[in-house]
Amino acid sequence: MNKKNKELSFRISSGLKNLIGRDLISDKYIAVFELVKNSYDAGASKVLITMEKSNEKSARIIISDNGCGMTYDDILTKWLFVAYSEKKPQHRKKTSFRDKIKREVAGAKGVGRFSCDRLGAKLKMITKTEQDTLANTVEVDWNTFELDDTKEFVNIPVQYSTENTLPSDYKSGTVLIIEQLREEWDRDALLHLKRSLMKLISPDANEGELPFSIELIAESERNNDDKAIQKSGVNPDRDIVNGIIHNDIFEKLNIKTTCIEVSISEDGKLITSKLTDRGDFIFSVVERNRQYQELQDICIVVFYLNQSAKISFTRQMGGVTPKDYGSVFIYKNGFRINPYGEAGQDVFGIDQRKAQGWKRFLGTREIMGRISIKGDNEQFIETTSRAHGFIHTKAVDTLGTFFIEKVLRVLEKYVVNLIGWGEPLKSDPSHIITPEEIGEEIISQFVTIIDSKDIVHVDYNPALLSEVGKEQTNLSTSLKKIEQLAEKTNDAGLRNLAQNIKKQTAQIAAHNIELEKENEAQQKKLAQADREKQAREKQIFFLQGSANQDVTNLINGFHSIYTSTDASKGFINYLREQLAPMKFDRKEFVLSIIAQIYQANEKAHKLSELAIHGNQSLRQKGANSIYDFIRQYIDEGLTIPGIRYDLVPSDNAFNCKFDPSSVGVIIDNIASNSIKAGATVLCISMSETDKYIEVEFADDGMGLDDSIDSSALFEWGLSNNAKNKGFGIGLYHIKQLVNEMKGFVNIDTSYRDGFKLIVRLKK
């Protein structure tokens with residue numbers, strides 16, 4: 001038998017509709033995003049998303065825009081052409097309207113239209129260009145594609161007709177009417193949609209382009225919106241359904257904190273890094289891009305979230321914490337790429353890295369920002385499912401490396417190593433380090449991390465160096481750094497500054513060094529004498545006996561314990577965070593064991609800290625002054641930062657039996673809870689009865705939630721924080737520690753100016 005060559009072709013089942021529709025786009029919110037992207041790419045300046053709900057069966061979604069619309073020919077050759085996208089680079093020259101739109105396209109897959117199938121079984125599309133006299137109408141019943149999957153996809157008809165005008169009354173645009181909805185859209189779902197849309201468009205998407213706004217309309221929720229807006233603490237942009245969508249990205253909240261902006265030029269040849277701190281420009285550098293050749297036209301903006309920034313963010317967002325909001329979002333051509341940035345998503349391994357250096361590295365909870373990618377870069381292609389980010393490429397890996405090395409490490413160097421996290425000093429809570437205090441250190445640090453041959457330009461805030469020549473401390477070191485910096489950057493301003501400093505240094509350096517030594521020695525003697533005087537005047541806990549070599553060795557040992565327990569604390573917290581959302585047998589038992597480990601570790605950590613500060617007696621005998629202990633605990637800077645401690649003055653010693661390390665942990669736990677509640681002051685006062693010393697801790701925070709039983713707050717795992725800021729174990733630990741000292745603890749529910757806790761200890 002002779003073999004004959006034949007040409008065969010694929011047949012396409014009507015079941016293809018599900019593969020590229022409902023089955024592919026499995027999230028109804030993503031489906032709405034896709035349709036909004038189509039409006040954006042069509043040059044629209046406005047999109048209306050209308051949710052109509054007269055009853056359950058007649059509910060429908062209407063998405064209308066004022067974009068360019070489609071002609072009859074466009075419908076035939078483009079919209080009905082499955083997987084064809086005019087937005088792909090090779091097809092854009094064929095589209096005349098694209099020349100009028102100053103936008104990069106947000107999508108280019110050619111399947112976004114099938115998002116309509118994900119939302120409802122029936123679609124009516126009405127579209128019109130400015131040149132058309134009539135509007136073109138296409139009606140699709142998606143169910144007809146599911147009746148018999150042996151039928152050819154192309155043989156399932158859709159209905160075409162014309163209408164006089166668009167329902168929206170726009171001169172041009174597209175209206176999508178989706179009926180027989182596949183899921184219910186209740187108030188929670190609508191609020192979720194609105195809050196997701198707030199993150200959908202990058203705040204810099206409209207720069208130099210046409211404006212673009214989205215409005216959500218749901219008449220059935222008007223009354224509920226009116227009721228919600230009357231409540232205190234409501235964010236009108238996030239907590240009501242109806243209205244224009246406003247992007248709530250971090251900088252729009254105007255919170256003053258540290259910000260780093262790093263961008264790669266459109267041609268990929270230059271990297272520009274700029275640092276600002278609390279609204280003030282600090283430093284910028286332009287360098288040649290030699291390592292990250294796969295990356296072009298990318299801008300990254302990241303904010304550091306210190307404690308005050310977190311509190312301010314939560315207040316302005318109506319109670320939403322940064323942890324619940326998200327971290328670093330990724331945008332391509334103005335539109336967000338899911339799921340990057342969502343709470344719990346850590347695409348760059350930031351939290352895993354932080355676990356290796358708890359105090360040296362920043363985690364997703366300490367940063368917030370965005371990565372904006374522009375252009376036709378085919379190395380950053382979104383997966384067709386729209387919910388799994390980018391297809392894995394070398395450029396995606398390089399972006400992760402670039403983010404860690406050029407953004408996160410630089411931010412860490414500033415806020416961790418130089419500024420000290422931007423928090424108050426333990427030794428002086430009223431003082432916060434300013435950039436001017438360490439100006440030459442900032443510039444030296446940031447330039448020395450870059451290869452000098454790659455530096456193109458350096459700029460800095462002159463105020464950072466204005467006081468260097470006047471300082472009487474470490475002039476020689478400062479001069480050396482400035483001279484090296486001037487030589488590397490060839491900056492005339494830095495060179496002149498170095499010369500001026502050198503002249504002044506030559507005259508006073510020798511004398512200044514001697515003064516520094518004498519002053520330092522004198523200060524040590526005075527401090528030693530003052531501490532010895534206080535120790536003699538009252539029988540207190542911080543006994544300065546470190547002159548004995550054995551005591552010195554003991555303190556060194558306690559320092560090692562302090563360091564180890566501090567690291568263990570971080571790992572325990574990290575383990576607890578990872579286990580909290582998991583479901584497994586005997587979960588409560590496992591978490592309770594971890595809590596006991598945490599409490600024992602906290603006591604060991606606090607005991608070693610007290611010992612380091614003054615040869616702390618490891619075991620107290622009899623009654624001692626708890627007033628003197630707490631006073632010195634505050635004065636020595638052992639308290640956690642972020643709140644002011646006011647100890648009501650008293651001449652009474654308030655002697656009672658207590659464990660110093662336990663009292664230290666109790667104070668820290670109470671202060672931590674107060675800070676989370678937005679308090680600025682923690683007032684500590686004491687009184688006594690025949691049998692007990694009563695210590696009252698009162699803050700000016702948000703107070704106790706009336707819906708929670710105050711006695712139940714001491715139970716394991718229950719928190720007064722409605723937004724899950726904590727683990728609900730702080731008060732549990734406090735009760736355990738007080739019980740160990742044979743005391744009692746309770747909450748003063750009558751206190752209305754914040755939160756008050758009363759601890760009673762036996763005399």
Side-chain angles (χ1 to χ4, degrees), residues 198-199 202-204 233 235 237-238 246-263 273-284 299-329 362-370 407-408 410-426 428-439 441-443 445-446 459-464 466-467 640-644 674-681 700-702 725:
M198 293 172 78
K199 303 175 188 176
S202 174
D204 57 9
N235 184 316
D237 289 330
R238 296 178 56 85
H246 297 289
N247 192 303
D248 57 3
I249 204 69
F250 192 85
E251 61 258 52
K252 293 204 171 186
L253 300 178
N254 196 30
I255 298 173
K256 301 298 185 183
T257 185
T258 306
C259 172
I260 184 169
E261 181 176 346
V262 182
S263 60
S273 303
K274 177 183 177 183
L275 186 77
T276 58
D277 188 0
R278 286 156 268 190
D280 295 329
F281 167 70
I282 301 298
F283 184 81
S284 69
C299 180
I300 302 176
V301 179
V302 174
F303 298 87
Y304 164 63
L305 302 180
N306 56 20
Q307 189 63 37
S308 61
K310 290 179 181 178
I311 293 172
S312 182
F313 179 92
T314 302
R315 183 176 64 251
Q316 294 189 49
M317 293 292 285
V320 180
T321 65
K323 180 190 73 171
D324 295 328
Y325 181 84
S327 185
V328 179
F329 302 95
L362 300 178
T364 55
R365 294 189 180 186
E366 286 88 38
I367 60 174
M368 184 177 291
R370 67 180 183 276
V407 181
L408 193 60
V410 176
L411 185 62
E412 288 170 342
K413 183 179 283 289
Y414 181 77
V415 300
V416 179
N417 298 343
L418 298 178
I419 296 296
W421 299 75
E423 302 286 4
L425 297 175
K426 274 192 173 183
D428 183 4
S430 64
H431 179 75
I432 296 178
I433 298 174
T434 63
E436 289 79 8
E437 294 177 59
I438 52 171
E441 185 72 13
I442 292 172
I443 295 177
Q445 285 282 337
F446 283 108
D459 193 13
Y460 54 90
N461 187 340
L464 297 181
S466 61
E467 299 297 320
I640 63 174
I643 196 170
R644 191 177 82 241
S674 297
I675 291 170
K676 292 174 183 176
T680 59
V681 179
D700 60 348
M702 63 183 180
K725 293 178 188 174

Please give me the minimum heavy-atom distance between [X] and [Y], naming the atom from each residue.
| X | Y | answer |
| --- | --- | --- |
| Asn235 | Met317 | ND2-CA, 3.5 Å |
| Gly326 | Met368 | O-CE, 3.5 Å |
| Gly701 | Ala679 | N-CB, 3.6 Å |

- request: Test Val262 against Val410 for side-chain contact (heavy atoms from CB on, under 4.5 Å), laying out the working first.
  value: CA-CA 10 Å; Val262 182; Val410 176; over 6 Å; no
From [X] [atom1] over to [Y] [atom2], what is the distance, rounded to the nearest 0.5 angstrom?
| X | Y | atom1 | atom2 | answer |
| --- | --- | --- | --- | --- |
| Leu305 | Ile311 | CG | CD1 | 11.5 Å |
| Arg315 | Lys310 | CZ | NZ | 15.5 Å |
| Lys256 | Ser308 | NZ | OG | 13.0 Å |
| Leu408 | Lys413 | CG | NZ | 12.5 Å |
| Leu411 | Ser273 | CG | OG | 11.5 Å |
| Thr257 | Asp277 | OG1 | CG | 7.0 Å |

Evaluate the side-chain proximity of [Y] to [X]: yes if any heavy-atom separation is below 4.5 Å, no if none is.
| X | Y | answer |
| --- | --- | --- |
| Ile260 | Tyr414 | no |
| Val328 | Val407 | no |
| Ile640 | Ile675 | yes |

- line: side-chain contact (heavy atoms from CB on, under 4.5 Å) filter on Ser327, not counting sequence neighbours, yields Thr364, Ile367
message: Suppose we screen for side-chain hydrogen bond (donor to acceptor under 3.5 Å, both in side chains). Which residues come up paired with Asp237, at least two apart in sequence or across chains?
response: none
message: Aromatic contact between Phe313 and Tyr325, with the criterion being ring centroids under 6.0 Å apart: yes or no?
response: yes
- prompt: With no hydrogens and no angle check, is any side-chain donor or acceptor of Glu412 less than 3.5 Å from a backbone partner on Leu362?
  reply: yes
